[in-house]
Amino acid sequence: MNALRIRGGRRLMGEWTVQNAKNAVLPIMAAAILTEEKTVLEDCPTLSDISYMGDILRMLGCSVHMEGKRLQIDPQGLFGHEMPDELAKKIRSSIFLLGSILARFHKATVTLPGGCEIGLRPIDLHLSGLKQLGVRIHDEGGVIHCDGSAMKAGPVHFDYPSVGATENVMMAAALLKGETTLHNVAREPEIRDLQCFLNRMGADISGAGTHTIIIRGVRSLRGCVYRPMPDRIVAGTLLAAAAITGGSIKLYHTPTQDMYAMIAKFREMGCIITEKESSVALHAPERLTAFTQLQTQPFPGFPTDMQVQMSAIATLAKGTSVVVENVFENRFTHAGDFNRMGANVLINGRTAVIQGVDALYGAVVTARDLRGGAALAVAGLAAKGETIVENAQLVDRGYEAFEDSLNALGADVSRISIT
Ligand code: EPZ
């Protein structure tokens, strides 16, 4: 197991260019098998989730390899419609392959991906969307058998705007003759990016970013070269790192138009933000002011993937902050670690009440998911003394060379191995 060792108390200053988005690349990798032709994803970040997804594609017969920052996917050898069980459990995003395998083979077998630290992560909305397209589904002890022989275009309604379910059904319908209309879809920017990628492949999809997506099925799709969008959560995490240390940083290659909920929160806490189309600069006050309330919501509301980082910086803000986690049922698992560092966090169900303290103190803490691990590191940057974040390999799922980005901004973070 490896860990991050953080020596706190240094202001973050300087500039950094943000990586491209894990949550755009993963569904795009699933969409790449909708054709037999090669796809190249340019400027792809080196992340363990992406390499796991590559392993799954290889087990389905594709060839996948990274050359520098170019991820090359050749689905010509694709033979399998059965998702390998051991890998499906390793990465939840394998469920995105359900829609594209059905589109290719009109049948698919996947195992229930199972939950994770932040919640049960059911896939009922994915399955409901596919059933509305005529897919016949039966569950045999956690193995989902899908028969898509009678799939047809038509209306689909989601009871909740699920990101993954929206993406899955977009891919399942891309090659379905006729018009499929998806209602009450998720509006996350990564869905807009998936639509852009699919249309680059020759699909005819519109509406991503709104409540309704229209898919006019095409006969076939082609390979393409594509650069995924920048990562708004990595950008927000670095802004939080600067904010808690009283720093001043400028980020380049930011999807600024997709960051307004976060930017408003940083401003509410007393940060001066200068935003341009693809850059964001943050100048933090000596001490942050508590935000009155932060409610996580589907996009364009405040992103759940930034909740724990904002909770981290609220621990030192002047005043009391209230955080309500509306998206996942168990996303306060790091509160105990913050309190071990001297914070004053009270949890009641989906609500956290965070009374700002004057100081945090370094401690040995444990990452339980990738955003929580990053948030613990953010807290460690402002803590007196040394913080060790164990299980740091979880952070590598979504953050490329996380310690390099922090050190480039003046932090003192090193990677250590713990036996
Ligand atoms: C995507 O997960 C992201 N992952 C998550 O990022 C992100 O937190 C989430 O969207 C919300 O923005 C990827 O894109 C790979 P959902 P996803 O379906 O698709 C419930 C990170 O840290 N739900 O919108 O799984 C679900 O349990 C990760 O990068 C059902 O009940 O999110 C959750 O409570 C974490 N039934 C809520 O909906 C379903 O069939 C939102 O889930 C599907 C979801």
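Source: prediction; values computed, not measured. We count ligands from 1, going down the list as the structure has it; atoms in each ligand are counted the same way.
- Checking only distances, Ile118 never comes within under 3.5 Å of ligand 1, N or O to N or O.
- Of the polar atoms of Val163, at least one N or O is found under 3.5 Å from an N or O of ligand 1, judged by distance alone.
- Taking only nitrogen or oxygen atoms, main chain and side chain alike, Val327 reaches within less than 3.5 Å of ligand 1.
- Side-chain contact between Phe299 and Val163: absent, with no pair of heavy atoms (C-beta onward) separated by less than 4.5 Å.
- For the pair Lys22 and ligand 1, a heavy-atom separation below 4.0 Å is found.
- Considering backbone and side-chain atoms together, Ser162 places an N or O closer than 3.5 Å to an N or O of ligand 1.
- Heavy-atom proximity to Ile123, at under 4.0 Å, picks out these atoms of ligand 1: 39 (C), 40 (O).
- Between the side chains of Glu400 and Gln19, not a single donor N or O lies within less than 3.5 Å of an accepting N or O.
- Within a 6.0 Å radius of NE2 in His145, other residues, nucleotides and ligands contribute more than 12 heavy atoms.
- Scanning the protein heavy atoms around atom 26 (C) of ligand 1, the nearest turns out to be Phe328 CE2, 4.1 Å.
- The closest approach between a heavy atom of Ile233 and any atom of ligand 1 is not below 4.0 Å.
- For ligand 1, the polar-atom distance check finds no N/O of Tyr160 at less than 3.5 Å from any of the ligand's N/O atoms.
- Tested against Asn20, the residues Arg227, Lys69, His253 include a single side chain to side chain donor-acceptor pair (under 3.5 Å) partner, His253.
- In this structure, the protein non-hydrogen atom closest to atom 11 (C) of ligand 1 is Thr304 CG2, 3.9 Å.
- Residue pairs meeting the salt bridge (charged side-chain N to carboxylate O under 4.0 Å, His left out) criterion with at least one partner in residues 327-356, sequence neighbours excluded, are Asp305-Arg331, Asp337-Arg368.
- Inter-residue side-chain proximity for Arg232 and Glu190 is flagged as met; some heavy-atom pair is nearer than 4.5 Å.
- Under a 4.0 Å criterion applied to the non-hydrogen atoms of Asp305, ligand 1 contributes the atoms 5 (C), 6 (O), 7 (C), 8 (O), 21 (C), 22 (O), 28 (C), 29 (O), 35 (C).
- The shortest N/O to N/O separation between Asn23 and ligand 1 falls below 3.5 Å.
- The shell of residues lying under 4.0 angstrom from ligand 1, judged by heavy atoms, includes Arg331.
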| query | How far apart are the C-alpha atoms of Thr254 and Glu275, what are their side-chain angles, what is the distance that settles it, and do they pass the side-chain hydrogen bond (donor to acceptor under 3.5 Å, both in side chains) test? | reply | CA-CA 9 Å; Thr254 56; Glu275 82 254 16; over 6 Å; no
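- With 3.5 Å as the limit, one finds no donor-acceptor pair spanning the side chains of Glu403 and Ser414.
- Tyr399 and Ser405 share no donor-acceptor pair across their side chains, judged by distance under 3.5 Å alone.
- Between Ser149 and Arg136, the side chains place a donor N or O and an acceptor N or O closer than 3.5 Å (distance only, hydrogens not considered).
- Residues Cys44 and Ile50 form a side-chain contact, since some pair of their non-hydrogen atoms from C-beta on lies under 4.5 Å apart.
- For ligand 1, the atoms closer than 4.0 angstrom to any heavy atom of Gly164 are 18 (O), 19 (O).
- Distances shorter than 4.0 angstrom occur between a heavy atom of Pro122 and an atom of ligand 1.
- In the model, Asp193 has no side-chain atom that pairs as donor or acceptor with a side-chain atom of Gln195 under 3.5 Å.
- Looking at Arg371 against ligand 1, only its side chain comes within 4.0 Å, counting heavy atoms.
- The protein atom (non-hydrogen) at minimum distance from atom 40 (O) of ligand 1 is Leu125 N, 2.7 Å.
- Considering both main-chain and side-chain atoms, Leu370 never comes within under 3.5 Å of ligand 1 through any nitrogen or oxygen pair.
- Taking atom 2 (O) of ligand 1 as the reference point, the nearest protein heavy-atom neighbour is Arg121 NH2, 3.5 Å.
- At a heavy-atom distance under 4.0 Å, no atom of Gln297 approaches ligand 1.
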